[in-house]
**Q** 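Quick one: structure below, then a few questions.
Just so we're clear, the structure is a prediction, and the values are computed from it rather than from any experiment. The chain is numbered in sequence order, starting from 1. Note that ligands are numbered from 1 as they come in the structure, with each ligand's atoms numbered from 1 the same way.
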Amino acid sequence: MGLLGFLFLVLSFSSEAKVVMAIHGGTGVPKKELSADMEKQYRSELEAAIRAGYARLKKSGGLDAVEIAIRYMEDSPIFNAGKGAVFTWDGRNELDASIMEGKTKKAGAVGAVTVIKNPISAARAVMEKSEHVFLVGRGAEVFATQVGLEVVDPSYFWTERRWKAIQERWAKAAKENKVRGTVGAVVLDSEGNLFAGTSTGGMTGKKFGRLGDSPVIGAGTYADNDGVAVSGTGWGEFFIRFNAAASINALVKYKGMSVTDATTQVILKQIPAAGGDGGAIVLDKKGNFAGLYHDDGLYRAWVTDDGKVEVALY
Ligand code: ASP
């Protein structure tokens with residue numbers, strides 16, 4: 001082999017493929033509690049969701065990719081978002097979602113909605129079709145209906161597994177229930193634009209119109225072309241108090257930290273030190289990706305610009 005051939009080989013092995021899209025399906029359960037069957041389902045649903053988003057990314061762009069991947073997971077009963085949402089303390093499903101575009105810093109969010117089939121699409125509609133950023137409750141539902149989004153009877157969100165979880169929560173009246181599974185996506189398009197979105201049913205047994213971090217721009221979701229795209233999951237109160245997604249972005253943007261160091265700082269150090277937990281997927285415009293958690297795993301998948309998909313739960 002000539003020198004040029006050798007150099008080509010070295011270069012092609014040393015250049016890391018860049019990540020162009022990543023998703024998460026929330027933090028999970030301890031590894032020993034996850035049955036082989038559930039593990040199989042999570043892996044195949046994550047893979048299908050990211051493939052659906054990635055196919056759209058190549059055709060029509062980053063925002064569509066975020067929405068499509070999240071919609072896929074909202075429609076799947078195994079994630080705590082859309083169809084599989086957890087129950088509130090009074091036995092209802094209240095959903096939250098947000099979406100953001102890193103170039104323009106445009107964002108949209110909905111909170112505590114009960115009849116919108118795909119809250120991520122409602123968040124996108126708030127961003128694109130209203131003059132507001134954040135709509136909650138009945139008003140958000142009226143808006144979603146007006147822009148033609150699909151509404152369902154609240155009973156659509158009932159699933160056996162989540163119903164059991166709230167029964168257990170009622171029986172124990174425990175302080176915190178870790179049944180989670182929020183979904184999220186971060187995307188880098190071919191022009192270097194970043195996008196992020198998050199959708200959740202919140203935390204089992206939440207009370208009094210509680211909103212978590214997922215619909216709060218800067219807490220559960222953030223996208224900035226000069227920094228990173230972030231989608232978080234975990235104990236939302238801590239993500240709000242620590243302004244988690246925006247803090248990770250600021251550490252990258254203003255302190256020049258790598259995505260891994262910045263995510264470590266917030267997710268593995270600051271939040272756990274205060275008694276919280278959770279995880280985040282973070283992507284920068286060079287395709288550097290971190291998916292880190294201080295919790296029982298982080299269901300996640302990512303795809304590189306050569307189309308290779310990886311799935312990891314722990
Ligand atoms: N962060 C979500 C919330 O607090 C829950 C989760 O990620 O599982 O509402």
**Q** If you count the atoms of ligand 1 from 1 in the order shown, which ones are under 4.0 Å from a heavy atom of S214?
**A** 1 (N), 2 (C)
**Q** Between the side chains of R43 and E39, is the shortest nitrogen-to-carboxylate-oxygen separation below 4.0 Å, so that they form an ion pair?
**A** yes
**Q** Hey, is R210 close enough to D96 for a salt bridge, meaning N to O under 4.0 Å?
**A** no
**Q** Would D213 count as a polar contact of ligand 1, with the cut-off being nitrogen or oxygen pairs under 3.5 Å?
**A** yes
**Q** Between atom OH of Y156 and atom CD of E150, what is the distance when rounded to the nearest 0.5 Å?
**A** 7.5 Å
**Q** Taking 4.0 Å as the limit for heavy-atom contacts, which would you say applies to R210 with ligand 1: side chain only, backbone only, both, or neither?
**A** side chain
**Q** May I ask you to check if R51 and Y54 form a cation-pi contact, with NZ or CZ under 6.0 angstrom from the six-membered ring centre and within 45° of the axis?
**A** no
**Q** Name the option, out of G236, G184, G234, that contains the heavy atom nearest to atom 5 (C) of ligand 1.
**A** G234
**Q** Taking the minimum heavy-atom distance to atom 7 (O) of ligand 1, which of T200, T233, V183 ranks first?
**A** T233
**Q** Taking only heavy atoms of T182 into account, list the atoms of ligand 1 that are under 4.0 Å away from them.
**A** 2 (C), 5 (C), 6 (C), 7 (O), 8 (O)
**Q** Salt bridge between E141 and R138, side-chain N to carboxylate O under 4.0 Å?
**A** yes
